[in-house]
Amino acid sequence: MNNLKRVSFLLFLLGFVATLAGCNSGKLKAMPAELKGIWKTSAKKFKGFTFEISDTHLTFNDQNAKPPTEEYPISKITKDKKKQNVYTIYYKSKDSQEYKFSFYFDPSGGGSIRLKNQRKYVWKKVKE
């Protein structure tokens, strides 16, 4: 009986930890309004390139490529609970591969985005 209690307690503890991990995941229920829109940078390296964040899709537009637009469905968005204003958009390719689009968002001055892997470039929202 003692082993049964120990196993029951371990199962309860495992379920509790899993629940806490899910609650602490940082997953957002909806795309924040300040992130939605078309973003571009003045960096020469990205001339003709923009990306758009909507409620349901992440769209990359490169006027130098054919076809110029690639659109991907968003599967989820998370906000890092430890690092302020770090977001990750998860999206899927046509062959169901999941990718991450991670960035820092600064809400000041109308908002700006810096990609985690290219922090020196500042992306600003295109005014509509």
Side-chain angles (χ1 to χ4, degrees):
M1 190 74 166
N2 197 14
N3 282 340
L4 184 59
K5 285 183 180 178
R6 191 174 300 153
V7 169
S8 295
F9 176 74
L10 287 175
L11 288 173
F12 168 77
L13 190 60
L14 184 62
F16 181 73
V17 169
T19 301
L20 282 180
C23 292
N24 239 353
S25 69
K27 184 176 178 182
L28 302 177
K29 292 181 180 182
M31 185 65 64
E34 61 269 16
L35 299 181
K36 291 190 265 184
I38 298 172
W39 298 83
K40 74 176 194 173
T41 182
S42 60
K44 291 178 185 176
K45 177 179 179 175
F46 295 104
K47 185 175 182 174
F49 188 87
T50 61
F51 63 87
E52 181 176 5
I53 300 172
S54 74
D55 285 320
T56 59
H57 286 82
L58 180 60
T59 304
F60 299 104
N61 191 345
D62 183 355
Q63 294 301 314
N64 304 309
K66 291 184 183 176
T69 303
E70 295 178 17
E71 185 175 79
Y72 301 99
I74 294 172
S75 53
K76 70 178 175 181
I77 180 165
T78 60
K79 183 176 181 185
D80 193 307
K81 292 197 175 252
K82 294 179 183 175
K83 297 178 184 171
Q84 190 174 19
N85 295 325
V86 176
Y87 292 87
T88 301
I89 295 175
Y90 296 80
Y91 64 96
K92 291 192 176 186
S93 66
K94 290 179 176 115
D95 59 354
S96 296
Q97 292 287 331
E98 186 165 70
Y99 293 95
K100 296 178 189 178
F101 185 69
S102 299
F103 56 89
Y104 299 89
F105 175 71
D106 179 358
S108 65
S112 64
I113 285 178
R114 291 179 186 263
L115 305 181
K116 278 187 85 174
N117 63 342
Q118 297 177 336
R119 291 181 69 179
K120 68 180 181 178
Y121 303 110
V122 178
W123 296 79
K124 294 283 196 176
K125 193 182 291 189
V126 175
K127 295 189 178 166
E128 296 179 31

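In this structure, the separation between CG on N117 and NZ on K100 is 12.5 Å, given to the nearest 0.5 Å. S112 contributes atom OG, which lies 11.0 Å from atom NZ of K125 (distance to the nearest 0.5 angstrom).
With sequence neighbours excluded, no residue forms a salt bridge (Lys or Arg N to Asp or Glu O under 4.0 Å) with D95. Under the rule for a side chain to side chain donor-acceptor pair (under 3.5 Å), Q118 has no partner lying at least two apart in sequence or in another chain. Evaluation of the side chain to side chain donor-acceptor pair (under 3.5 Å) rule for T69 yields no partner, not counting sequence neighbours.
Residue pairs meeting the side-chain hydrogen bond (donor to acceptor under 3.5 Å, both in side chains) criterion with at least one partner in residues 45-57, sequence neighbours excluded, are K36-D55. Pairs passing the salt bridge (Lys or Arg N to Asp or Glu O under 4.0 Å) check and including a residue from residues 102-124, sequence neighbours excluded, do not occur.
E70 and T59 form no side-chain donor-acceptor contact under 3.5 Å, judged by distance and modelled atom types alone.
A heavy-atom distance below 4.5 Å is found between the side chains of P68 and N61.
L115 belongs to a hydrophobic cluster whose other members, connected by ILVMFWY side-chain contacts under 4.5 Å either directly or through intermediates, are L28, M31, L35, W39, F46, F49, F51, I53, L58, F60, Y72, I74, I77, Y87, I89, Y91, Y99, F101, F103, F105, I113, Y121, W123.
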